[in-house]
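Read the structure below first, then the notes.
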Amino acid sequence: MKKTFLILGAVVIFMASFSKADLTREKTVVATATVANHAALQSNPGEKLINKSDCLGCHNKTNKIIGPAYVEIAKKYPATEKNINMLADKIIKGGTGVWGNMPMTAHATLKKDDAKLMVKYILSLKKK
C-alpha cells in the first residue's frame, strides 16, 4: 500500500513538473504574439506619432473625449490634399469653433510633415 502511494506521488510530481514547463513556455509564446500583434496594429507612421504625442489626452479613435473621435473627423473631411494641409496646420497652430467651444492646444514644435502623417492616418479611418 505504501509502495502504491509512493509511486502515485512520484507520478503526480513528475506530471506536475511538465505542466509548469509547458505553462511557462505557453506564457512566453502568448506574450511574444501579443507584442507582435500590437506592433502590427500600430504599423502606420501617423498612428505611431499620435501615440507618442499628447493627442490621446483629448481624442480617441472611436469615442469623443474632449475633442472629436478620429472617426468623426474622418467622416467630416474627405482625404484631399487641401484638407490634409488645413488639418495639419490646425494641429500645429491650434484652433476652436469647429467641434465646439473647447480650443485645441497648439503643437508648435510639431513638424508639418509629421502633422500631415497624423492627419492622413486619421482620415484613413473613414468607414466606407
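Any value given below was found using the heavy atoms of this structure, including those in side chains, with hydrogens, waters and symmetry copies removed. None of the values given here were measured: they were computed from a predicted structure.
Looking at Trp99 and Lys76, their side chains come closer than 4.5 Å, going by heavy atoms from C-beta outward. Thr96 is not listed as a side-chain neighbour of Met102, based on a closest heavy-atom distance of 4.5 Å or more. At a threshold of 4.5 Å between non-hydrogen side-chain atoms, the residues Leu117 and Val119 do not count as touching. Proximity of Pro68 to His59: side-chain heavy atoms (C-beta onward) are separated by under 4.5 Å at one or more points. The side-chain heavy atoms of Tyr70 and Ile50, taken from C-beta on, include a pair separated by under 4.5 Å. In this structure the side chain of Asn83 reaches within 4.5 angstrom of the side chain of Met86, judged on heavy atoms. Side-chain contact between Leu87 and Leu123 is present, with at least one heavy-atom pair separated by less than 4.5 Å. In this structure, Val98 and Lys90 have side chains that are in contact, with non-hydrogen atoms separated by less than 4.5 Å.
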- Message: side-chain contact (heavy atoms from CB on, under 4.5 Å), that's the test. Do Ile92 and Lys112 meet it? Break it down for me.
- Response: CA-CA 7 Å; Ile92 294 169; Lys112 175 91 177 215; 4.2 Å; yes
- Should Lys120 and Glu47 be marked as a salt bridge (charged side-chain N to carboxylate O under 4.0 Å, His left out) after you check the CA-CA gap, both sets of side-chain angles, and the distance that decides it? CA-CA 9 Å; Lys120 286 177 183 179; Glu47 183 180 16; over 6 Å; no
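The distance from the CG atom of Asp54 to the SG atom of Cys58 is 7.0 Å, given to the nearest 0.5 Å. Between the CG atom of Asn44 and the CE atom of Met118 there is a distance of 11.0 Å, given to the nearest 0.5 Å. In this structure, CD1 on Ile91 lies 10.0 Å from CG on Leu49, to the nearest 0.5 angstrom. Here SG of Cys55 is found 8.0 Å from CG of Leu110. Values are rounded to the nearest 0.5 Å.
Pairs of residues two or more places apart, or lying in two chains, never qualify as ring-ring contact (aromatic ring centres under 6.0 Å, His included) while including a residue from residues 102-121.
Criterion: ILVMFWY side-chain heavy atoms under 4.5 Å apart, direct or through other members. Under it, Leu125 and Ile65 are not part of a common hydrophobic cluster.
For the residue pair Lys61 and Ala69, the shortest heavy atom distance occurs at O-CB, 3.9 Å.
A donor-acceptor pair is defined here as one N or O able to donate and one able to accept, closer than 3.5 Å; such a pair exists between the side chain of Lys64 and the backbone of Ile66.
A salt bridge is absent between Glu72 and Lys126: the closest approach of a Lys/Arg side-chain nitrogen to an acidic carboxylate oxygen does not fall below 4.0 angstrom.
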